[in-house]
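To start, the structure itself, in structure tokens.
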Amino acid sequence: EGALPKLSFLILSDNEIGDAGMRALESAIAGGAFPALGHISLNSAGEEARSAVYDALAKRKGEVATALFNRFLETSTSQLGDVTRLDFSGMAAPSVEEARRLGGCLNLCVNLKRLGLQRVGMSDKTLQALLASLSEGALPKLTFLSLSDNEIGDAGIRALELAIASGAFPALEKIEVRHPAKGNNPAGKKSQQAVENALKKRKEASGVGASSQLSSQESSDDSNSSFA
């Protein structure tokens, strides 16, 4: 248990591994092997056996992200100021109260540059609660925000648009609300376009020439969270 604690990528393709080997790999992952593993490459055995391995890895990553989120909410004020990256992707969906608490903690993350909230079950109500909890000028160094593959509708996207127009995330350069690989949100294209336009307008007003990218190809770098 806990073997290869820093292994993040494992390639097992082009081998003769059958279903029995895949089941052994699934059991090993579920049992705690390769605790830092983020990606695994497989092309042998049956589709069902391979899917079970991927599901086991996804489940564990979600459990790790949820534990990270809960630990973050209990972190001392002095520590939050040193955090530069956060990635909660795949964690259990937060409640409205947890979203409010997250916003309160983020107010203290004055050096945070990248925030990953993709695939967290974020809804209109939880996003609105998070945004309402942010103080004016919060997250002054945040340059990248991912909210793709959630349950955010037009109301949540509208709240995000208004927050950006009001000066939230003053250093923000890229925001992911929809992504061809990571997934979209239920919000309509018109609402999502409004977020892009709000960010672009603010950047132009501040003299920043680079255009915003609502659908960025850049990953939020799951393995490099500064809070662990």
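Atoms considered below: every heavy atom in the structure, side chains included; atoms not considered: hydrogens, waters and symmetry mates. If you're wondering where the values come from, they're calculated on a predicted model, not measured in any experiment.
- The shortest non-hydrogen separation linking Phe88 to Leu102 is CE1-CD1, 4.2 Å.
- Applying the salt bridge (charged side-chain N to carboxylate O under 4.0 Å, His left out) test to Glu136 and every residue at least two apart in sequence or in another chain returns nothing.
- Nearest approach of Ala138 to Pro170, heavy atoms of both residues: O-CD, 3.8 Å.
- Under the side chain to side chain contact (heavy atoms under 4.5 Å, CB included) criterion, Ala155 pairs with Asp124, Gln128, sequence neighbours left out.
- For the side chain to side chain donor-acceptor pair (under 3.5 Å) test, residues two or more places apart in sequence or in another chain that qualify with Ser123 are Thr126.
- Here the side chain of Ser89 pairs no donor or acceptor atom with the backbone of Gly116 at under 3.5 angstrom.
- Between atom CG of residue Leu199 and atom CZ of residue Phe169 there is a gap of 10.5 Å, rounded to the nearest 0.5 Å.
- Contact of the Ser148 side chain with the Val177 side chain is not registered, since no non-hydrogen atoms from C-beta on lie closer than 4.5 Å.
- Applying the 4.5 Å side-chain rule to ILVMFWY residues, one finds Ile11 in the same cluster as Phe9.
- One hydrophobic cluster, built from ILVMFWY side chains closer than 4.5 Å, holds both Leu131 and Leu73.
- For Ser133 against Gly103, the heavy-atom pair with the smallest separation is CB-CA, 3.9 Å.
- When atom types are taken as modelled, the side chain of Asn107 and the backbone of Ser135 share a donor-acceptor pair closer than 3.5 angstrom.
- Every pair passing side-chain hydrogen bond (donor to acceptor under 3.5 Å, both in side chains) that includes a residue from residues 155-167 is listed here, sequence neighbours excluded: Arg158-Glu161.
- For the residue pair Ser146 / Gln118, a side-chain donor-acceptor distance below 3.5 Å is found, with atom types taken as modelled.
- Each of Val110, Leu112, Leu108 was checked for a side-chain contact (heavy atoms from CB on, under 4.5 Å) with Leu80, and the lone residue meeting it is Leu108.
- Contact record, Phe144 with Leu172: N-CD1, 3.8 Å, taken as the closest heavy-atom pair.
- Counting only distance, with no hydrogens or angles, the side chain of Glu98 and the backbone of Ser95 share a donor-acceptor pair below 3.5 Å.
- To the nearest 0.5 Å, atom CD of residue Gln79 and atom SG of residue Cys105 are 11.5 Å apart.
- Every residue meeting the side chain to side chain donor-acceptor pair (under 3.5 Å) condition with Glu74, not counting sequence neighbours, appears here in chain and number order: Arg101.
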Begin from the C-alpha positions of Leu115 and Leu106 and carry the test side-chain contact (heavy atoms from CB on, under 4.5 Å) through to its verdict.
-> CA-CA 10 Å; Leu115 176 59; Leu106 291 176; 4.0 Å; yes

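- Here Thr143 pairs with nothing under the side chain to side chain donor-acceptor pair (under 3.5 Å) rule; sequence neighbours left out.
- Counting only distance, with no hydrogens or angles, the side chain of Lys203 and the backbone of Glu173 share a donor-acceptor pair below 3.5 Å.
- A pairwise comparison of heavy atoms in Leu147 and Leu160 identifies CD1-CD2, 3.8 Å as the closest pair.
- With sequence neighbours left out, the side chain to side chain donor-acceptor pair (under 3.5 Å) criterion links Lys141 to Asn111.
- Residue pairs meeting the side-chain hydrogen bond (donor to acceptor under 3.5 Å, both in side chains) criterion with at least one member in residues 15-27, sequence neighbours excluded, do not occur.
- For Leu42, the side chain to side chain contact (heavy atoms under 4.5 Å, CB included) criterion is met by Leu12, Met22, Leu25, Ile40, Arg50, Val53, Tyr54, not counting sequence neighbours.
- For the residue pair Pro35 and Pro5, the shortest heavy atom distance occurs at CG-CA, 3.6 Å.
- Looking only at side-chain heavy atoms (C-beta outward), Leu86 and Phe69 stay at 4.5 Å or farther from each other.
- Looking at heavy atoms from C-beta onward, Leu37 lies in side-chain contact with Arg60 at the 4.5 angstrom threshold.
- Note that OG of Ser191 and CG of Asp154 are 3.5 Å apart. Values are rounded to the nearest 0.5 Å.
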Would you check, one step at a time, whether the test side-chain contact (heavy atoms from CB on, under 4.5 Å) holds for Arg202 with Ile164?
-> CA-CA 8 Å; Arg202 189 179 70 183; Ile164 291 174; 4.0 Å; yes

Start with the C-alpha distance between Met122 and Leu117, add both sets of side-chain angles, then the distance that settles side-chain contact (heavy atoms from CB on, under 4.5 Å), and finish with yes or no.
-> CA-CA 8 Å; Met122 185 77 70; Leu117 290 171; 4.2 Å; yes

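- When the side chains of ILVMFWY residues are joined at heavy-atom separations under 4.5 Å, either directly or via intervening members, Ile17 and Leu7 end up in a single hydrophobic cluster.
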